[in-house]
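Reading through the structure tokens given below for one structure.
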Amino acid sequence: MSSVRRLLSARPAALICALGSSALLLTACGNAETTRADVVAAAPTSPSASGQSASGSATASPSSSSPSASESSMTEDQADRKALVPQAKVTWDKAADTAVKEVPKGKLTELELRRVSGESPSASGSASPSTPNPAPSSGAPQWAAEVAAPDGTVHDIDIDAVTGKVFRSQLAADQDADDKSEIADRLDKAKQTPQQAVKTATGKTKGTVTSVELDENDDKRLVWSVDVVDTGNWNKTTYDIDAVKGDVVREHTDRD
């Protein structure tokens with residue numbers, strides 16, 4: 001009987017030990033799960049989130065100040081047109097009207113939008129030009145016009161392309177009798193006005209007129225040459241328009 005009692009009394013102790021072992025096992029498992037969770041939480045974020053490549057180097061992001069693709073692909077001439085044309089507040093026709101008024105019974109033979117060169121007046125014309133207004137600073141936009149008197153004498157008229165005021169008027173340099181006769185003859189033959197020629201050119205290409213010139217082409221044909229700049233892509237298209245009949249004899253787009 002004493003052996004049976006000892007066996008029965010030992011069972012609760014064994015059960016308690018078994019239960020204790022189970023509790024310890026559960027605690028250990030819980031600790032292991034907690035440890036794994038802590039490790040995951042402490043792990044570095046993915047490369048895409050951290051801005052790093054798989055090798056650990058930082059990935060470059062585009063700068064907000066970088067030029068657009070269209071700007072970076074512009075040629076030097078296109079960039080120059082984009083910088084110059086919007087600065088001119090005076091349109092070609094207003095500049096032409098102002099220039100023609102400087103010469104009694106004068107007619108326009110050439111007009112071009114360009115930058116003020118800063119050279120002395122005597123370097124390109126007569127030694128004593130008329131300077132009714134201060135010249136714009138070097139690099140500013142100007143309309144450079146040539147206006148001929150009825151006898152073919154050409155006058156250089158420089159107009160501020162921002163204010164519209166004449167800042168220089170002088171006789172063109174180195175004109176002889178043959179030069180004057182040729183100019184007078186061209187003006188007599190030209191039945192198309194510069195305004196009509198420009199209307200024809202801008203009817204084909206919408207944009208800003210930057211040059212108008214009466215000249216002979218390679219075929220010795222008298223033409224009005226008109227430059228039109230497309231302000232959408234800053235290409236320049238030149239139209240040669242028959243100065244007698246008014247039809248387009250040549251069209252060339254300069255994408256450089």
Side-chain angles (χ1 to χ4, degrees), residues 80-81 83-199 201 208-216 222-229 236 238 243:
D80 185 60
R81 293 178 200 125
L84 174 62
V85 172
Q87 292 182 27
K89 307 305 179 184
V90 178
T91 57
W92 84 270
D93 52 331
K94 298 295 184 183
D97 289 344
T98 298
V100 167
K101 290 177 181 178
E102 291 292 306
V103 181
K105 298 182 180 180
K107 291 184 178 180
L108 184 74
T109 60
E110 185 176 350
L111 181 68
E112 182 185 6
L113 180 64
R114 62 175 69 159
R115 296 186 184 280
V116 176
S117 66
E119 67 179 8
S120 62
S122 59
S124 59
S126 64
S128 57
S130 169
T131 54
N133 296 288
S137 59
S138 180
Q142 74 165 88
W143 285 105
E146 290 186 4
V147 178
D151 67 350
T153 300
V154 175
H155 296 253
D156 292 331
I157 315 294
D158 293 334
I159 301 165
D160 189 320
V162 176
T163 66
K165 295 181 178 180
V166 174
F167 64 89
R168 185 181 303 148
S169 178
Q170 61 189 14
L171 290 173
D174 303 325
Q175 292 184 90
D176 58 24
D178 290 340
D179 294 331
K180 294 179 183 180
S181 177
E182 182 180 13
I183 294 296
D185 184 58
R186 286 181 180 179
L187 288 172
D188 185 59
K189 290 179 178 178
K191 304 306 178 184
Q192 295 287 309
T193 65
Q195 289 79 7
Q196 289 172 315
V198 166
K199 184 177 180 179
T208 301
V209 174
T210 58
S211 178
V212 182
E213 181 182 6
L214 182 64
D215 200 3
E216 286 186 349
L222 187 63
V223 297
W224 281 106
S225 183
V226 180
D227 288 347
V228 182
V229 173
K236 179 182 72 177
T238 301

CG of Leu214 to CD of Gln192, rounded to nearest 0.5 Å, is 11.5 Å
May I ask you to test the Val166-Glu102 pair for a side-chain heavy-atom distance under 4.5 Å?
-> yes
In terms of heavy-atom contacts, Leu222 and Ala190 come closest through CD2-N, 3.9 Å
Expected output: side-chain Trp143 to main-chain Glu112 donor-acceptor under 3.5 Å = no
Side-chain donor-acceptor pair present, Asp215, Ser225, cut-off under 3.5 Å = no
Output for pair (Glu216 CD, Lys189 NZ), nearest 0.5 Å, gives 7.0 Å
Side chain to side chain donor-acceptor pair (under 3.5 Å) between Asp227 and Thr210, intermediate numbers included | CA-CA 6 Å; Asp227 288 347; Thr210 58; 4.6 Å; no
Asp176 atom CG, over 12 foreign heavy atoms within 6.0 Å = yes
What's the shortest heavy-atom distance between Gln87 and Val162, and which atoms?
-> O-CG2, 3.7 Å
Any side-chain heavy-atom pair from Val154 and Leu171 closer than 4.5 angstrom?
-> no
Is there side-chain contact between Gln142 and Arg115, with heavy atoms separated by less than 4.5 Å?
-> no
Flag the pair Gln170 / Thr131 as yes when at least one side-chain heavy-atom distance between them is below 4.5 Å, and no otherwise.
-> no
How long is the span from the CD1 atom in Ile157 to the CZ atom in Phe167, to the nearest 0.5 Å?
-> 11.0 Å
Got Val198 and Gln195 here, is their nearest side-chain heavy-atom distance under 4.5 Å?
-> no
Nearest heavy atoms of Ala88 and Leu113, plus distance in Å = CB-CD1, 3.9 Å
What is the minimum heavy-atom distance between Val212 and Pro194, and which atoms define it?
-> CG1-CB, 4.0 Å
Value rounded to 0.5 Å, distance of OG1 in Thr238 from NZ in Lys236 | 5.0 Å
For Asn133 and Lys165 the tightest heavy-atom approach is ND2-CB, 3.7 Å
Check: Glu146 main-chain N/O paired with Thr109 side-chain donor or acceptor under 3.5 Å = yes
Reported CG-to-OG distance for the pair Asp158 and Ser117, which is rounded to 0.5 angstrom | 8.0 Å
Could you grab the distance from atom CG of Leu187 to atom CD of Glu182, nearest 0.5 Å is fine?
-> 11.0 Å
Contacts of type side chain to side chain donor-acceptor pair (under 3.5 Å), residue Thr153, not counting sequence neighbours = Asp151
What are the two closest non-hydrogen atoms of Leu84 and Pro141, and how far apart are they?
-> CD1-CB, 3.7 Å
